[in-house]
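Working notes for the structure below.
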Amino acid sequence: MSSVTLERLAKKYGQVEVVKGVSTEIGEGELIVLLGPSGCGKTTILRMIAGFIEPSSGTVLIGGKAVNKVPPRARDIGMVFQDYALFPNMSVQDNVAFGLVERGVPRNVALGRTQEMLKLIQMEQFGERYPTALSGGQQQRVALARALAYEPRVLLMDEPLGALDQKLREDMQRDFSLIQRKVAITTVFVTHDQQEAMALADRIIVMNAGRIEQIGRPQELYDSPSTLFIADFIGRSNKLKGHVEHITGEAAQIRLEGGETIGAKVVGTAREGQNVVCVVRPERLSIGGVLEANKISARLAKRSFLGDAVDYIFERQSGEQIILRSSRSAMPESIGQDTLEIGFEPRDTLCFPGSASTVQG
Amino acid sequence: MSVKRNYDIALAIALAISVLLFLVPQFFFLRESLFESLGMGMSGDTLTLVNYRMILTDTYYLEVFWRTFVISAAGAGAALLLGYPTAYWLTRMRSRFVSMLIILLLVSSFVSIVVKVLGLSMLLSSQGPLSAIINVLSLGQWQPQMLHNDFAVGVGLVQYTLPLVVMLLFGVIQTIPESFEEAAIVHGATDWRLFRRVILPLSLNGVLTAGLIAFNMNMGAFTSAVLLGGGNVLTVPVLIQQTIILDVDYPLAATLAVLLTSVVLLINLALVFLHRFSAIRQPRSGS
Ligand SMILES: Nc1ncnc2c1ncn2[C@@H]1O[C@H](COP(=O)(O)OP(=O)(O)OP(=O)(O)O)[C@@H](O)[C@H]1O
Ligand SMILES: [Mg+2]
């Protein structure tokens, strides 16, 4: 049985529909990340699940039961807020015990459970402290413990790591996914950071303008995006414009605007002569190889050192920018300023019919 | 740095002037209160505590003090009870009218207290609309006397302090993020428990401050007591005025004034200490 089900969930503000009929099922214990650009409706969906926003139409089911008429406190959910929302007038201990106390759990049971939770987040010695005497990461963990203490059915998190700096953020991602596995709680995690989504999710729901664009495991989304939006939004992609010269099945010959002809896979259907946008991941490109079937030429504009990798940024005659990512050892230190041949494989080249509609914002 | 310093100096000067304006008259009151009245506005020339002894041993005066305290405290309590929900809804109202409502509050507190009190006395009088409504509702059985008694004075005091109380509470409740409320509710709190465990503790400082200010204003309130009390409600400020105008007894009036100020100061200090003390045992962090 699925833990959370959304059925044609929609939300309108006046004439503006910000969530446009979202349906999905979230499995027991699954960690789902709602991902999408700013303003696409992620928070709205999460708050409809929590019960803070009433859907204009559609149904939220938790544990198979429709909860549209159930108030937030009775929905059996835990929630972590972006600003943590720890109660400053209560100690860490009292914060964590809050849900237990409000549910009428006996004092000694609540206390024991609170200690367990503090242990889970490795903050046993912080029980007596007050939230303002904690670092951002510690507050974050206390907020998580508070949301998990009474073993709710679903955990909701809206950009919970948004206020942390990059390094801490990555540490917290790791800690959180370990805790989430340990307690095996169904989780809906909202973020607009695709790297974070990839790092955490069992499955990612990519949203765009109030609709679900694609649902899939991180690798699926990365390797076989179903739309140009996904290809552009998940990871980095090089985009090459062109038109279909010849097509059989999904294999096609594409004539690029720069003049070259390349082999590619077409996603969806395309006629001969139709405009397409082809995407290739930066790490699928190479220089100086002879084996690759596709070759395009571009001039090296910049080289940026990333520590474990190097990005080479090329410019095409047409003005298109090409990024090539290479492991440090794989490339010569200097490769000159001249126009170079960049090679890649047709199977790594995905083409999407239609003109170039790209991610906004 | 130097801007802050100039600012501090400006504040210090303002503070000094206020203190001076407060302390100098108090000093004269204190001195006057230590002489015996010889009648006809004349004072004796030997220091004595006879005025204090008289007031503190006479139940008539003690009753006036007690009445003043009860009406002031009840008025402050009622203003808090009315003002808190109002301030709360104002902070949670997501409307562009909120700032207009606040300005309206501010303006209403500028209206002269005499005008306000006259309006009230029309409302509360036995020929007034309120009386008529109650009379009809009780099928002609009850014609309440609402004017010229303690109740009327209390209503007047509430009307006098309410705008300020609402504005003070608004400022405090506004600093409580809505996410605190959502966190409490989503983790199982009822609305009442949310109020008891989160909102009230976080706004307690403001409630105490607003309550104390209202109480202090009430203790010194004169207009409401005179106009709405209609001579039936004797409070300390009214008594002081009578002592000066009717009895021309300056030493006694000065003694009453000194005692009033002392009582108010003591109550304020006691409450502040109580609050500090409970705050140490249960630290309240935050800005
Ligand atoms: N109360 C409201 N009234 C009108 N429009 C609203 C309201 N709340 C949200 N919206 C609009 O709904 C859309 C979706 O908002 P939502 O907060 O769900 O976006 P989001 O995906 O969470 O974005 P972000 O990543 O910036 O948090 C936005 O365009 C927003 O302007
Ligand atoms: Mg959001």
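FYI, side chains are in, hydrogens and waters are out, and symmetry mates aren't considered; it's all heavy atoms of this structure. Proteins get letters first, then strands, A, B, ... in listed order; numbering begins at 1 in each.
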Which atoms of Y84(A) are under 4.5 Å from chain B, going by heavy atoms: the side chain, the backbone, both sets, or neither?
neither
Should the heavy atoms of other residues, nucleotides or ligands under 6.0 Å from CD of E128(A) be counted, would the total exceed 12?
no
Under 6.0 Å from the CZ atom of R196(B), do we count more than 12 heavy atoms belonging to anything else shown?
no
Heavy-atom proximity to chain B below 4.5 Å, by part of F81(A):
side chain
For chain A, which residues of residues 82-112 of chain B have heavy atoms nearer than 4.5 angstrom
none
When rounded to the nearest 0.5 angstrom, what distance separates CG in L202(B) from CE in M90(A)?
8.0 Å
Identify the heavy atoms of F98(A) and V198(B) that sit nearest to each other, and give their distance.
CE1-CG2, 4.3 Å
Pairs of heavy atoms under 4.5 Å with chain B: top-ranked of A85(A), A147(A), G99(A), P72(A):
A85(A)
At under 4.5 Å between heavy atoms, what parts of residues 108-115 of chain A are in contact with chain B? List them by residue number.
none
Which atom of R146(A) lies closest to which atom of A183(B), heavy atoms considered
NH2-CB, 3.5 Å
pair D191(B)-R73(A): side-chain heavy atoms closer than 4.5 Å:
yes
Approximate separation, where rounding is to 0.5 Å, of E182(B) CD and F52(A) CZ
4.5 Å
Take atom CD in E54(A); do more than 12 heavy atoms of anything else shown fall under 6.0 Å from it?
no
For the interface with chain A, which of R197(B), E181(B), E178(B), R193(B) has the highest count of heavy-atom pairs at distances below 4.5 Å?
R197(B)
Taken to the nearest 0.5 Å, the spacing of L194(B) CG from F87(A) CZ works out to 8.0 Å
Which bit of L100(A) comes within less than 4.5 Å of chain B, counting heavy atoms only: side chain, backbone, both or neither?
neither
